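The next block holds one structure in the form of structure tokens; read it before the comments.
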There are 2 protein chains.
Amino acid sequence: MKRRKTPSKEKILAILKSQDYATSHEKIANQIDDINRATIYRILNQFCEDGIAHRIIAENGKQFFALCKDCEAEEHHHNHLHFQCNTCEKVECFESEINISLPNGYVIENFNGLINGFCNLCSSA
Amino acid sequence: MKRRKTPSKEKILAILKSQDYATSHEKIANQIDDINRATIYRILNQFCEDGIAHRIIAENGKQFFALCKDCEAEEHHHNHLHFQCNTCEKVECFESEINISLPNGYVIENFNGLINGFCNLCSSA
DNA sequence: AATATTGTTGCGACTATGTTGCAATAGTAC
DNA sequence: GTACTATTGCAACATAGTCGCAACAATATT
Ligand SMILES: [Mn+2]
Ligand SMILES: [Mn+2]
Ligand SMILES: [Zn+2]
Ligand SMILES: [Zn+2]
């Protein structure tokens, strides 16, 4: 499958770029009114496949998406933690990569690490 | 709410105890035919609230449950990683607690860490 | 520039997982 | 045994994401 450049993809990419936090489908849909639900999902899945974005699974099973920093389709670097605030519900990527060591014979394909709690803004309020 | 001891709870607890791996609602339901879907969910949620079990969110958003080792309702110790095999789909708890350090002002409430990949049995096959 | 190829989109239907309101049932304390 | 209220079954609901298909449009070919 050779990817094509389309207005829908550009629009969604622009939204992801404009965001300081990882973004849910819901939030993206709110900023768009002319792209179909299913299309948004398909584009986000493509971005993940292509190493443009990565997917974070929240505590409630909901997906969030954030642009990758140094990933390519082949070589991913997603061994970092994420944080979701229980109050403001924002999801952010933490910078530092964590070190994962596996038992013998185990092979890692992906890592999803999410801390829930209260962010600096919400914990002080 | 004072908890009551019921046959349903005992049955589900026994299933969790008999399992070497974290268990999904689906798998529990397969071993039971006289307890309602909703009841199973409610009991599992109770176990989590009471510090009897903890919940793992898989990559597809599905919930898995494992008995806690040293937790009480107040003091939880769930800073360990989990591993789900992409082939056999089993979810297991890794022993070692990981060290989580947060930026200033952040407060942790819960941690969900899941590695996906291939377990020792499936990677060699 | 016209045409062919095939990736993309919208639509609607569908799946999967989990939750909730309510009335009936059954633990527990007295 | 009675009273109290937690628990259960049932059915309906909610939410998130996927899929098949036909129409459309980006790209390559002529
Ligand atoms: Mn991230
Ligand atoms: Mn565990
Ligand atoms: Zn917050
Ligand atoms: Zn396996």
Side-chain angles (χ1 to χ4, degrees), chain A residues 1-16 22-50 52-66 73 82 84 86 89 91 110 112 114 116, chain B residues 1-16 22-50 52-66 73 82 84 86 89 91 110 112 114 116:
Chain A
M1 285 255 186
K2 210 177 207 174
R3 304 299 191 200
R4 290 181 185 173
K5 191 173 170 182
T6 70
S8 301
K9 291 182 190 178
E10 306 246 26
K11 215 161 185 174
I12 292 176
L13 185 59
I15 290 177
L16 288 179
T23 312
S24 63
H25 173 278
E26 186 191 8
K27 196 160 182 189
I28 293 172
N30 285 343
Q31 299 176 56
I32 289 180
D33 54 357
D34 57 346
I35 304 179
N36 185 268
R37 265 167 41 77
T39 302
I40 298 177
Y41 277 115
R42 284 189 278 229
I43 289 175
L44 289 170
N45 285 340
Q46 265 196 12
F47 284 175
C48 289
E49 280 173 32
D50 297 347
I52 296 171
H54 62 282
R55 189 191 322 264
I56 302 120
I57 309 296
E59 222 182 13
N60 56 8
K62 215 170 156 184
Q63 305 183 353
F64 286 72
F65 300 87
H82 299 93
Q84 182 171 38
N86 292 340
E89 295 185 325
V91 174
N110 191 35
N112 187 68
L114 181 70
N116 272 88
Chain B
M1 285 257 187
K2 210 175 206 173
R3 302 301 191 202
R4 289 179 185 174
K5 190 174 171 181
T6 70
S8 300
K9 290 182 191 177
E10 307 245 25
K11 215 163 186 174
I12 292 176
L13 185 59
I15 291 178
L16 287 179
T23 313
S24 63
H25 172 279
E26 185 190 8
K27 196 160 184 189
I28 293 173
N30 285 343
Q31 299 177 56
I32 288 179
D33 55 357
D34 58 345
I35 304 179
N36 184 269
R37 266 168 40 78
T39 302
I40 298 178
Y41 277 115
R42 282 190 277 230
I43 289 174
L44 289 170
N45 284 341
Q46 263 195 16
F47 284 175
C48 290
E49 280 173 32
D50 297 349
I52 294 170
H54 62 281
R55 190 191 321 264
I56 302 119
I57 309 296
E59 221 183 12
N60 55 7
K62 214 170 156 182
Q63 304 183 353
F64 286 73
F65 299 88
H82 300 93
Q84 181 170 39
N86 291 341
E89 294 187 324
V91 175
N110 192 36
N112 188 68
L114 181 71
N116 273 87

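Atoms considered below: every heavy atom in the structure, side chains included; atoms not considered: hydrogens, waters and symmetry mates. Per chain, numbering begins at 1; letters A, B, ... match sequence-line order. What you see is a predicted model; the values in this text were computed from it and never measured.
- Distances shown here put every side-chain N or O of Tyr41(A) at or beyond 4.0 Å from the OP1 or OP2 atom of dT18(D).
- For Phe47(B), there are no ring pair (Phe, Tyr, Trp, His ring centres under 6.0 Å) partners, not counting sequence neighbours.
- Qualifying side chain to side chain contact (heavy atoms under 4.5 Å, CB included) partners for Gln31(A), counting only residues two or more places apart in sequence or in other chains: Ile15(A), Gln19(A), Lys27(A).
- Nucleotides of DNA chain C with any atom under 4.0 Å from a heavy atom of chain B span, from 5' to 3', dT17(C) to dT28(C).
- Summary of helix geometry: the two end axes of the helix from dA1(C)-dT30(D) to dC30(C)-dG1(D), each defined by five base pairs via their C1' atoms, are inclined to each other by 40° (rounded to 10°).
- Considering only residues two or more places apart in sequence or on other chains, Asn116(B) meets the side chain to side chain donor-acceptor pair (under 3.5 Å) condition with Asn86(B).
- Not a single side chain to side chain donor-acceptor pair (under 3.5 Å) links Asn36(B) to another residue, sequence neighbours left out.
- For Lys2(B), there are no salt bridge (charged side-chain N to carboxylate O under 4.0 Å, His left out) partners two or more places apart in sequence or in a different chain.
- Asn60(A) comes within 4.0 angstrom of no nucleic acid atom, judged by non-hydrogen atoms across all strands.
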**OP:** Going 5' to 3' through nucleotides 4-15 of chain D, assign each nucleotide B (protein heavy atom under 4.0 Å from a base atom), S (under 4.0 Å only from sugar-phosphate atoms) or - (no protein heavy atom that close).
**Re:** -BBSBBBB----

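- The stretch residues 54-64 of chain B participates, sequence neighbours left out, in these salt bridge (charged side-chain N to carboxylate O under 4.0 Å, His left out) pairs: Glu26(B)-Lys62(B).
- For the side chain to side chain donor-acceptor pair (under 3.5 Å) test, residues two or more places apart in sequence or in another chain that qualify with Gln46(A) are Lys9(A).
- Applying the side chain to side chain contact (heavy atoms under 4.5 Å, CB included) test to Ala14(B) and every residue at least two apart in sequence or in another chain returns nothing.
- Phe64(A) places its CZ atom 14 Å from the C1' atom of dG17(D), with the value rounded to the nearest Å.
- Residues that satisfy the side chain to side chain donor-acceptor pair (under 3.5 Å) test with Asp34(A), not counting sequence neighbours, are Lys11(A).
- Residue Gln63(B) is classed as a sugar-phosphate contact, given heavy-atom separations below 4.0 Å to backbone atoms only.
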